[in-house]
Structures are given as C-alpha cells and as structure tokens.
Amino acid sequence: MTVERINMPQLGESVTEGTVSTWLVKVGDYVEKYDAIAEVMTDKVNAEVPSSYSGVIKEIIAQEGETIEVGQLMCYIEMEAEQAVAAQESEQPQQVVEPGHVSTEKTMKNRYSPAVMRMAQENNLDLKTINGTGKGGRITRKDVEKVIESKHSPQKDNQEPIPTKKEEEEFEEFTPPIIRRKPVKARQGDREIPVTGLRRTIAQNMVRSKTEIPHAWMMIEVDVTNLVAYRNAEKDSFKENEGYNLSYFAFFLNAVAKALKKFPELNSCWAGDRIIQRNEINLSIAVAHEHELYVPVIKNVDEKSIKGIAKEIHQLSRKARTGTLAKEDMEDGTFTVNNTGSFGSVESMGVINYPQAAILQVESIVKRPVIIDDMFAARDMVNLCLSLDHRVLDGVICGAFMSHVKSILENISSDTTPIY
C-alpha cells in the first residue's frame, strides 16, 4: 500500500486559496482517478476538486468551512502498489536537488500570499519574526491570525502601558482607521457566524475599492414608459418561443453597451501610471443566490441582440443558483451594471467593482406623475445611479454618457431596438 497526498489545486490564475464547502467522499470510500471528491469555493467560482489517484480515502485533513491555500494538504489517499507505480510513471520526473543547493521546499519561508502581506501591513507585523507552518515553512493566514490574536489577548493588553491623552490624540490623527481598529468581541447571547472564503473576498475587495478609488456619484431620472409598453407587448410570446423571460434588464444592458461604444472612456481602468481603455465591452452583472453574491460577465454585449443578452442573463443566473459558474464566467469584466431595482430600491450608490472605473445602478421602475406640456401624466420612471472613479473620469464625460443612455431608453421601440 502507498499513501499519497491530495492538495488544494490552482483553480484560477489569481486564486491563492479556497474554502472547502462540502466533502463528496468520506474516509474509507474508494474513488477512481478524476472522480470529484470535494466542492471548493473561491472568490472566483465554486468548483469540484478531482482525485489525482485511484484508491481509498485514508484521512481527511481540511474540514468543511476551512480555508486553505493553494498547494496545502486536503486529504490522504491510499493506493495499491500497482496503482502507485503507474501513477509515478505518469507523473513528471522530480527535480533533483544537487549538493549545496537549497530545494524549493525549503525556500518558501519568504514567499507570502497577498492575504498574508495585507494582514501583516494592517496589523504592523514583521513577517520575518513569524514561524510558518505551511509547506516549506511558508507563513499562512492562520499563522498571522494567531499572532494577531496573541497581541490582543488579555494578558498582553494588561502588560501594555496606558497611553497619555496626547499620545492617543496623535495616534488618532496619524494612524489610518484600518490599523487602529479594535477587536470586536461577542457578548453573551450573540451569534458568531464564521466568515467564508467568498464573504472574506467580497469584504477585501470592497475595502480595497473604497480605500484606493476616489468615488464620485451622479443620478439621472429616465422616462421608460415606451420601454415598459414595448416589453409588455412582447414578453408573453417571447417566453413561449424562447423558454426564458424577456427582462427589462436586457434592454438596460443593451443601452449601456451602446453608450460605452460612444463613450469608451467609461470602459476603462486605472493602472497607476496610465489609464487602460478596454476594447471589448464585457458587462459584469450582480447575481444573488440566497446569502451569496456572484458577479458573472456577459462578453461582447455590444455585438448581441436583446434576445442574446436575455439568454445570457438567464444562463448565468441559472448557473449561480446551481453552483456551476466556471471561472471563465467571472473573468474580464470591463464595466458593471447592477439591477438594484429588483429589490425595490429607488436610489443607491454602488461601490465600484475594482479595478473597473464605474458601476451603474438600475433602480426600480415606478409609476409617477410627471408634467408633460403643462399637464400631469402618469409615466413609468426609473433612476440610474452612476459611481465613478474620479482618477479616470470626471463629471463632463459621465454626464454625456448618462444623457446618451437616457436618450436610448426613452426612445426604445421595435424600430430602434429590435428584440431579434
């Protein structure tokens, strides 16, 4: 018998860790090579981890809900001798470490993941003083969390000198809020909910967006009475013919794509010493399922009809509900459109989807009295709220963009915006 390791695989180019959401096997189960053994959740996508070998699950190391880094041990699998020989023959030859050379296994100490580096910076830690428990002595997130917890333990806090009022004022004035935060402790009766990999990643991205991007906002009011009438006249036959809904959101995405074509400045991102203006118009859309939020991407929206956009919305929403979104579905977004109106919202300020330059919130369509030719009329109105990166964009270009979106939506008809 031979026992082999199964490690957390690389599930995407920028993915550094994953959370084991569900084990599909238990100790003692026999699996074939490439059989799915666990479901893993990352900031990009949910995915199944296949077995690298055929054999019996010997021991499960990573527990459900635990977040581990790429390359860390998930479980052990036991193989027959013949299977082990075949597996070794099929693998690439191992690198030979010559005398006097240090192997890669022993040089992981000074290789830090982005999460570890960020936590160390936020808590003013010297990584060189931390002993790593990961592969080759690499410092893991858990290693850093233990050091942070020890710094805030009652024994440690009691030994620290009490700062003077002047020191406290200087600390508040010069120390960024993200560093001077105090640990929050649960009180009796409180419920503590573990932060999953997805929720942690969302939190990190939101903090990064708000701390790095100087946000500015604007809102316009759009009369979509023609759009409502057009969609209502077509929705039943469309559903009967195509098998999925003709949503208002498809028309909004179509209008945004047309406007980005005319004002490509909004289809950009900040890159430090330059601004990158994207060639493709790939719209990120927010899709919620229970307590989880995903942001899949519809590619080349400017080349798609209303029918094509509605089909993509339907397919991506179904994938989100069934947990089958692939990493390709989540990549390469250039501009985000968020359908906040589906929750009844009428005005909101979105946080920009880093590193994009803007996000548009489509609010709820509400029937309101509007003055037309000095007379009141009941019209279907919607607010469009834009958050913009003020490093890349200013009010002039964004105002022109929003005006163009408004014009497209207010003049929708079968002639200007055919469904097929």
Side-chain angles (χ1 to χ4, degrees), residues 12 42-46 198 201-202 205-206 209 222 224 227 231 238 242 244-261 266-269 278 280-345 348-365 382-389 401-402 405 408-409 417 419:
T42 73
D43 61 322
K44 300 290 185 183
V45 68
N46 286 359
L198 179 62
T201 299
I202 291 174
N205 289 342
M206 292 300 99
S209 179
V222 183
V224 289
L227 166 58
R231 182 256 182 183
F238 183 91
E242 305 300 332
Y244 49 90
N245 292 326
L246 177 63
S247 65
Y248 289 119
F249 197 42
F251 291 93
F252 286 107
L253 294 181
N254 175 266
V256 169
K258 289 178 179 177
L260 289 175
K261 199 82 172 175
L266 280 88
N267 201 46
S268 303
C269 66
R278 302 297 187 186
E280 296 179 338
I281 297 177
N282 302 333
L283 298 185
S284 304
I285 62 172
V287 178
H289 174 55
E290 296 180 348
H291 300 297
E292 297 176 343
L293 179 69
Y294 301 94
V295 189
V297 179
I298 302 178
K299 310 290 176 62
N300 302 308
V301 181
D302 56 313
E303 300 175 3
K304 291 180 169 61
S305 63
I306 297 294
K307 172 192 169 183
I309 297 172
K311 184 177 181 179
E312 292 260 12
I313 295 172
H314 170 73
Q315 291 176 337
L316 292 173
S317 299
R318 184 181 60 192
K319 285 185 176 182
R321 289 192 300 270
T322 58
T324 56
L325 283 168
K327 68 182 183 70
E328 292 81 9
D329 296 324
M330 313 285 284
E331 296 176 337
D332 303 328
T334 62
F335 185 97
T336 297
V337 184
N338 191 6
N339 187 20
T340 44
S342 61
F343 304 105
S345 171
S348 60
M349 296 186 298
V351 178
I352 296 170
N353 186 11
Y354 188 94
Q356 297 172 15
I359 179 173
L360 184 71
Q361 312 277 100
V362 178
E363 306 297 346
S364 182
I365 298 175
V382 65
N383 292 329
L384 301 181
C385 305
L386 182 74
S387 301
L388 57 113
D389 183 342
F401 168 81
M402 295 286 272
V405 173
I408 293 171
L409 291 171
T417 314
I419 293 175

(Q) Between Ile306 and Thr417, is there a side-chain heavy-atom distance shorter than 4.5 Å? (A) yes
Q) Taking C-beta and beyond as the side chain, do Thr336 and Leu360 meet within less than 4.5 Å on heavy atoms? A) no
Q | Note, Lys327 side chain near Met330 side chain (heavy atom, < 4.5 Å) | A | no
Q.
I'd like to know if the side chain of Gln356 and the backbone of Gly333 have a donor-acceptor N/O pair within less than 3.5 Å.
A. yes
(Q) Between Glu280 and Lys299, does any side-chain N to carboxylate O distance fall below 4.0 Å? (A) no
Q: With the side chain counted from C-beta on, respond yes when Leu227 and Val382 share a heavy-atom pair under 4.5 Å apart, and no when they do not.
A: no
**Q.** Test applied, side-chain contact (heavy atoms from CB on, under 4.5 Å); reference residue, Ile298; option that passes from Leu316, Asp329, Asn282
**A.** Leu316
Q) Taking C-beta and beyond as the side chain, do Met402 and Leu384 meet within less than 4.5 Å on heavy atoms? A) yes
Q.
If you define the side chain from C-beta out and look only at heavy atoms, does anything of Val362 sit under 4.5 Å from Val337?
A. yes
(Q) Quick check for you: to the nearest 0.5 Å, what is the distance between Phe343 atom CZ and Ser348 atom OG? (A) 10.5 Å
Q | Distance-minimising heavy-atom pair for Ala255 and Leu409 | A | CB-CD2, 3.7 Å
Q.
Looking at Ile309, is its backbone amide N or carbonyl O close enough to the side chain of Asn254 to form a donor-acceptor pair, meaning the two atoms are under 3.5 Å apart?
A. no
Q | Glu242 bridged to Lys307 by N-O distance under 4.0 Å | A | yes
Q.
Could you check whether any side-chain N or O of Arg231 sits under 3.5 Å from a backbone N or O of Leu246, counting only pairs where one atom can act as donor and the other as acceptor?
A. yes
Q) With Ser345, which residues qualify under side chain to side chain donor-acceptor pair (under 3.5 Å), at least two apart? A) Glu363
Q.
The test is side chain to side chain contact (heavy atoms under 4.5 Å, CB included); show your working for Cys269 and Arg278 and say whether it passes.
A. CA-CA 8 Å; Cys269 66; Arg278 302 297 187 186; 3.5 Å; yes
Q) Taking the inter-plane angle between the rings of His314 and Tyr244 on a 0 to 90° scale, is it parallel (under 30°), tilted (30 to 60°) or perpendicular (over 60°)? A) parallel
**Q.** Student check: side-chain heavy atoms of Ile281 and Phe335 closer than 4.5 Å
**A.** no
Q. Between Asn353, Asp389, Val351, Ile359, which is the residue that forms a side-chain contact (heavy atoms from CB on, under 4.5 Å) with Ser209?
A. Val351
Q. So, do Ile285 and Val295 sit near enough that their side-chain heavy atoms are less than 4.5 Å apart?
A. no
Q) Quick one: CG on Leu386 to CE on Met349, what's the gap to the nearest 0.5 Å? A) 12.5 Å
Q: For the pair Ser247 and Ile313, evaluate side chain to side chain contact (heavy atoms under 4.5 Å, CB included) and give the outcome as yes or no after the intermediate values.
A: CA-CA 9 Å; Ser247 65; Ile313 295 172; 4.1 Å; yes
(Q) Pair Val224, Tyr248 - check side chain to side chain contact (heavy atoms under 4.5 Å, CB included), show working. (A) CA-CA 10 Å; Val224 289; Tyr248 289 119; over 6 Å; no
Q | From CG (Leu253) to CG (Asp302), nearest 0.5 Å | A | 12.0 Å
Q.
I need the minimum non-hydrogen distance between Val297 and Ser284, along with the two atoms involved.
A. CG2-OG, 3.7 Å
Q) Rounded to the nearest 0.5 Å, how far does CG of Leu283 lie from CG of Asn300? A) 10.0 Å
Q. At what distance, to the nearest 0.5 angstrom, does CG of Leu325 lie from CD of Gln315?
A. 11.5 Å
(Q) Using side chain to side chain contact (heavy atoms under 4.5 Å, CB included), reason through Leu266 and Phe401 one step at a time and then give a plain yes or no. (A) CA-CA 8 Å; Leu266 280 88; Phe401 168 81; 3.5 Å; yes
